[in-house]
Protein chains: 2
Amino acid sequence: MRKVGTVEHGSDTSRRQRMAPEARRAAILDAAQTLFFARGWDAVTIADVIESAGISKGGFYHHFAAKEDLLDGVVDRFTREAVASAEAARATSSGDALVRLNAFLAGAIRWKAKQVPTTRFVLDALRRPGNDMLFHRIQAASAAAVRPVLEGMVADGIAEGRFDVPAADLVVEAILALSQGRRNVVEAAIRATEAGDLDGATATLDGRMAAEGAFMDRMLGLPPGSVALSNPEEYRRMLRASARREDIPRRARCPQAR
Amino acid sequence: MRKVGTVEHGSDTSRRQRMAPEARRAAILDAAQTLFFARGWDAVTIADVIESAGISKGGFYHHFAAKEDLLDGVVDRFTREAVASAEAARATSSGDALVRLNAFLAGAIRWKAKQVPTTRFVLDALRRPGNDMLFHRIQAASAAAVRPVLEGMVADGIAEGRFDVPAADLVVEAILALSQGRRNVVEAAIRATEAGDLDGATATLDGRMAAEGAFMDRMLGLPPGSVALSNPEEYRRMLRASARREDIPRRARCPQAR
DNA sequence: TCCTTTACCAACCGGTGGTCGGTATGTAGA
DNA sequence: TCTACATACCGACCACCGGTTGGTAAAGGA
């Protein structure tokens with residue numbers, strides 16, 4: 001038996017409003033996502049989350065069994081968005097396989113651009129130890145979500161006799177890897193933009209995308225210039241938008257500087 | 001001031017043997033590596049490591065500033081081995097760029113085969129939350145170590161007029177991604193081997209490697225069959241060897257089943 | 001022999017994820 | 001309207017983990 005005494009656990013002043021379960025869950029998830037993106041996985045404590053979400057520790061553990069469930073929730077949200085975007089791009093586009101592929105890729109890039117805050121965070125945090133987990137999970141989940149769509153498009157192109165590939169699954173793997181490797185270029189471009197060199201940043205990013213297009217032409221057995229990823233105006237617009245956002249403030253206290 | 005009293009800190013019975021710094025460091029690193037590979041990053045505590053290495057907590061922190069340094073040490077070892085293997089393959093091979101590339105790839109695959117215990121661990125643990133970090137670090141460090149070698153070989157081939165590629169850096173990215181994506185196939189092949197289907201496993205693995213070769217032919221602008229990765233006899237031998245090893249035992253106590 | 005450095009130790013600490021007994025707010029049936 | 005049960009929520013408490021600290025003894029040079 002524990003010595004609890006006559007403590008009034010739920011005094012009227014401290015008791016919070018009762019919310020619908022899904023709403024409370026979403027609110028906690030929102031708070032957690034913001035904090036994770038600002039500080040990284042292991043720099044965020046349950047105490048931070050419950051303070052930000054306005055709930056007690058016990059209340060938190062009523063909705064989530066463990067801290068890891070927060071990660072799952074955030075990653076799930078990303079995955080769902082990516083899938084929805086990819087499926088939408090696939091559904092709305094018409095024409096032959098190449099046209100649809102171009103539309104899909106453009107849509108995916110545009111979705112990625114909307115994720116610049118996240119990207120920015122990942123760029124900052126990639127080398128910081130505590131964020132490996134969050135980064136890895138998001139990347140793996142996104143790739144897993146996009147892969148089947150890409151596979152379908154490549155298979156369609158082959159079936160239509162439009163694409164000529166020796167190994168379709170390897171092509172998909174390579175395309176996925178390219179989009180992940182693009183991160184470094186985007187990082188450089190964003191930094192250059194913030195440093196004032198919008199022209200140089202645009203050239204860098206557009207050059208990378210043109211090279212990716214040429215590479216995909218080669219992989220899919222298409223004549224050069226078929227996969228059209230070069231789009232300087234759009235990239236300029238994206239970079240300019242990315243430079244305008246504010247950084248999410250970091251935690252004030254820093255327990256050990258190491 | 002802390003109340004220490006007259007405690008005998010280093011009684012004769014408990015004081016350990018004094019070792020050479022590098023030897024002790026290596027011993028701790030060995031213990032840590034075994035534990036990490038068996039249980040994963042965050043399931044291993046400092047207490048586990050020091051118990052396994054036969055040293056006190058204070059002694060541990062004399063050699064390592066933080067738990068993360070253990071990770072760095074383990075990953076560094078891997079990276080160094082990969083680099084050494086790659087450089088050796090590059091140095092010993094003679095002939096034109098294609099011959100050297102084939103020799104290099106064969107050497108890299110053979111090195112990977114020696115890592116089957118690790119691979120086995122990663123395969124088991126990839127979905128377990130605690131190992132994301134270890135997995136991600138090893139993969140990133142290996143890729144970072146191999147990338148410059150690959151870049152050099154591709155550049156050589158282009159300079160010799162042997163390869164025809166639109167974007168060399170993207171080709172390297174794709175090759176790296178292919179070797180990482182191969183993991184899933186290796187996983188399936190090892191499982192099949194352990195289930196008794198050595199022929200099927202060999203066919204699966206060799207098929208994948210043949211496809212990778214064909215894909216690289218395409219990327220490098222070479223006639224089909226140039227990059228020779230198909231080698232059923234060797235893969236059969238590797239798989240048979242991989243099936244013979246024992247699993248590292250897991251931790252006995254499990255704090256919460258969750 | 002003395003002194004400095006170094007390898008090592010045990011106790012301790014702040015903080016973190018997670019648990020537990022208990023309380024208030026619904027809501028369904030009598 | 002009263003009662004009974006499920007559920008949203010609370011906050012004190014706990015085990016334990018990574019890391020710090022003050023101190024000890026062996027090694028090694030002068």
Side-chain angles (χ1 to χ4, degrees), chain A residues 1-28 32 35 39 41-51 53-71 129-130 251 253-258, chain B residues 1-28 32 35 39 41-51 53-71 129-130 251 253-258:
Chain A
M1 215 38 162
R2 287 160 54 241
K3 55 175 179 72
V4 177
T6 56
V7 179
E8 288 269 337
H9 274 277
S11 64
D12 288 339
T13 54
S14 68
R15 185 151 288 277
R16 318 266 183 182
Q17 193 73 26
R18 192 188 180 95
M19 283 176 64
E22 323 90 47
R24 180 67 84 186
R25 204 186 135 88
I28 297 172
L35 287 168
R39 300 178 196 159
W41 167 251
D42 58 4
V44 173
T45 69
I46 304 277
D48 294 330
V49 175
I50 67 176
E51 182 194 341
I55 198 174
S56 72
K57 208 164 195 179
F60 168 81
Y61 276 100
H62 176 71
H63 292 281
F64 295 90
K67 190 191 180 191
E68 287 235 354
D69 288 4
L70 288 174
L71 227 191
R251 145 182 276 164
R253 66 191 165 87
C254 185
Q256 57 266 23
R258 167 145 156 65
Chain B
M1 212 37 161
R2 285 160 57 242
K3 56 173 177 74
V4 174
T6 56
V7 179
E8 288 272 335
H9 275 278
S11 64
D12 290 336
T13 54
S14 69
R15 184 153 290 277
R16 318 269 183 183
Q17 194 72 27
R18 193 189 180 95
M19 284 176 65
E22 322 90 46
R24 180 67 85 184
R25 205 187 134 89
I28 296 172
L35 287 167
R39 300 178 196 161
W41 166 252
D42 56 5
V44 173
T45 69
I46 305 278
D48 294 331
V49 174
I50 67 176
E51 181 193 340
I55 198 175
S56 72
K57 209 165 195 178
F60 168 80
Y61 276 100
H62 176 71
H63 293 280
F64 295 89
K67 189 191 179 190
E68 287 237 351
D69 289 4
L70 288 174
L71 226 191
R251 144 182 275 164
R253 64 190 167 91
C254 186
Q256 56 267 25
R258 169 149 156 59

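Per chain, numbering begins at 1; letters A, B, ... match sequence-line order.
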Mind checking the CD1-CE spacing from A:I28 to A:M19? Nearest 0.5 Å is all I need.
8.5 Å

Looking at residues at least two apart in the chain, or sitting in another chain, which of them share a side-chain contact (heavy atoms from CB on, under 4.5 Å) with B:Y61?
B:I46, B:K57

Rounded to whole Å, the CD1-P distance (B:I28 to C:dA7) equals 11 Å

Kindly give the heavy-atom pair with the smallest separation between B:L70 and B:A32, and that separation in Å.
CD2-CB, 3.9 Å

Atom-pair distance (NZ on B:K67; P on D:dC16), nearest Å:
16 Å

Review item, nucleotides 4-6 of chain C N/O atoms under 3.5 Å of protein N/O:
residue: C:dT6; atom: O2; partner: B:R18; partner atom: NH2; Å: 3.1

Starting at atom CD1 of B:I46, determine the distance to atom P of D:dT20, rounded to an integer number of angstrom.
11 Å

How close or far is atom P of D:dG22 from atom OH of B:Y61, stated in whole angstroms?
17 Å

So, does B:H63 get its side chain near the phosphate of C:dC8, meaning an N or O under 4.0 Å from OP1 or OP2?
yes

Tightest non-hydrogen contact, residues A:A53 and A:A27, listed as CB-O, 4.4 Å

With a cut-off of less than 4.0 Å, is there a side-chain N or O of B:R24 near OP1 or OP2 of C:dC8?
yes

Whole angstrom value for the distance that separates C1' of D:dC17 from CD of B:E68
15 Å

Looking at NE2 of B:H63 and CD1 of B:I55, how far apart are the two atoms once the value is rounded to the nearest 0.5 Å?
4.5 Å

5'-most contact on DNA chain C (nearest-nucleotide basis), B:K57 vs A:A47, goes to B:K57

Expressed as a whole number of angstroms, how long is the span from A:F60:CZ to C:dC20:C1'?
17 Å

Closest non-hydrogen atom pair between B:V44 and B:V49, with its separation:
CG1-CG2, 3.7 Å

Nearest whole Å is fine: how far is C:dT19 C1' from A:I50 CD1?
14 Å

Output the rounded distance in Å from CD1 (A:I55) to P (D:dT7).
16 Å

Taking A:D69 for its side chain and A:A65 for its backbone only, find out whether a donor-acceptor pair lies under 3.5 Å.
yes

